[in-house]
Amino acid sequence: MRTAVPGLPTPHPIGLSLPALYLDDDFTQRLTAGLDEVLAPVLLTLDCLDAYLDLELAPADFLDWLAGWVAVEVDESWPVALRREVVRHAVQLHRWRGTARGVELAVRLLTGGTAEVTDTGGVSCSAEPGAAPPAQSPRAHVLIRVADPTAVDTERLRQLVSGMVPAHVPTVVEVTGQ
């Protein structure tokens, strides 16, 4: 987040806005100069608010805050360009969460590779309450193809994919070269 920046000039000094009586008062000018130092980052942020909301221009620390606004988790260890892409695709990630398309999008964003998702699928219903559940238990297999499998943090990718599929579906993640 934006904090005090030593030596940052304010665009609107408070001391110069006071009535003429206070312009020559040393105490008042020093007091307002202290307030100027605290308020300068706020005023400059507001003056440039459109840049802070533009994903291409937003500073990295503010980008992480924007990610919170759209409810996506970004890792500070990720490159800034990757975090920008994840925030940019937040709506699609939420819309397709729990589907093969959502897993494929998340994998493409995070690894640059492709994902092939296969699951048992299927739906069953019964006109009688208490009927037996389907004979086949749900499961998913995600085959991820990347240029360099050694560059991928497989455990972190497993956690991501497990968070993208429905909670009751056991998932196997396999990373391979293209």
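These numbers come from a predicted model, not from an experiment. Nothing fancy with the numbering, it's 1 onward along the sequence.
Note: the hydrophobic cluster containing Val152 also contains Val86 (ILVMFWY, side chain heavy atoms under 4.5 Å, direct or indirect links). In this structure, Leu63 is a member of the same hydrophobic cluster as Leu49, with clusters built from ILVMFWY side-chain heavy atoms closer than 4.5 Å. Neither Val172 nor Val103 shares a network with the other; the hydrophobic side chains, linked directly or stepwise wherever heavy atoms of I, L, V, M, F, W or Y lie under 4.5 Å apart, form separate groups for each. Under the 4.5 Å side-chain heavy-atom criterion for ILVMFWY residues, a single connected hydrophobic cluster contains both Phe62 and Val70. The hydrophobic clustering, which links ILVMFWY residues whose side-chain heavy atoms are closer than 4.5 Å, places Trp96 and Leu157 apart.
Across every non-hydrogen atom of Val142 and Ala115, the tightest pair is CG1-CB, 4.3 Å. Shortest non-hydrogen contact noted between Pro166 and Gly98 is CD-O, 3.7 Å. Minimum heavy-atom separation, Leu57 to Ala51: CB-O, 3.5 Å. When all heavy atoms of Gln92 and Leu105 are compared, the closest pair comes out as CB-CD2, 3.6 Å. Between Gly15 and Gln29, the closest heavy-atom pair is O-NE2, 3.3 Å. Across all non-hydrogen atoms, the minimal contact from Pro149 to Gly177 is CG-N, 3.4 Å.
Contact check for Leu44 versus Pro11: side-chain heavy atoms found under the 4.5 Å cut-off. His141 has its side chain out of reach of Glu116: every pair of non-hydrogen atoms, C-beta onward, lies at least 4.5 Å apart.
Separating the CG atom in Asp26 from the CZ atom in Arg30 is a distance of 4.5 Å, to the nearest 0.5 Å. For the atom pair CG (Asp36) and OG1 (Thr10), the distance works out to 5.0 Å, reported to the nearest 0.5 Å. How far OH of Tyr52 is from CG of Asp47: 10.0 Å, rounded to the nearest 0.5 Å. Atom-to-atom distance recorded for Asp25:CG and Thr32:OG1 is 9.5 Å, nearest 0.5 angstrom. The CG atom of Asp153 sits 8.5 Å away from the OG atom of Ser77 when rounded to the nearest 0.5 Å. Put simply, CE on Met164 and CD on Gln159 are 14.5 Å apart, with the number rounded to the nearest 0.5 Å.
Within a 6.0 Å radius of CG in Asp24, no more than 12 heavy atoms belonging to other residues, nucleotides or ligands are found.
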How far apart are the C-alpha atoms of Asp119 and Val169, what are their side-chain angles, what is the distance that settles it, and do they pass the side chain to side chain contact (heavy atoms under 4.5 Å, CB included) test?
-> CA-CA 9 Å; Asp119 63 8; Val169 177; 5.9 Å; no

- Item | From CA spacing to verdict: side chain to side chain contact (heavy atoms under 4.5 Å, CB included), Leu39, Ile14 | CA-CA 10 Å; Leu39 294 175; Ile14 297 171; 3.8 Å; yes

After noting the C-alpha distance and the side-chain angles of Leu109 and Leu93, does the key distance pass the side chain to side chain contact (heavy atoms under 4.5 Å, CB included) rule?
CA-CA 10 Å; Leu109 286 173; Leu93 288 169; 4.1 Å; yes

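Arg158 places no side-chain N or O within donor-acceptor distance of the main-chain N or O of Glu174, the cut-off being under 3.5 Å. In this structure a side-chain-to-backbone donor-acceptor pair under 3.5 Å is missing from Gln178 to Thr114. Between the side chain of His89 and the backbone N or O of Arg84 there is no donor-acceptor pair closer than 3.5 Å. Of the possible polar contacts, none joining the His12 side chain to the Leu43 backbone as a donor-acceptor pair under 3.5 Å is found. No donor-acceptor pair closer than 3.5 Å links the side chain of Thr111 to the backbone N or O of Arg108.
The only member of Leu55, Val74, Val72 that meets side chain to side chain contact (heavy atoms under 4.5 Å, CB included) when paired with Leu66 is Leu55. Residue Val146 is tested with Thr150, Asp148, Ile144 for a side chain to side chain contact (heavy atoms under 4.5 Å, CB included); the sole match is Ile144.
For the pair Arg83 and Trp78, the NZ or CZ position fails the cation-pi test of under 6.0 Å to the six-membered ring centre and within 45 degrees of the ring normal.
Using a cut-off of 4.0 Å between Lys/Arg side-chain N and Asp/Glu carboxylate O, Arg101 and Glu104 are scored as not salt-bridged. Under a 4.0 Å N-O distance rule, the pair Glu56/Arg88 qualifies as a salt bridge.
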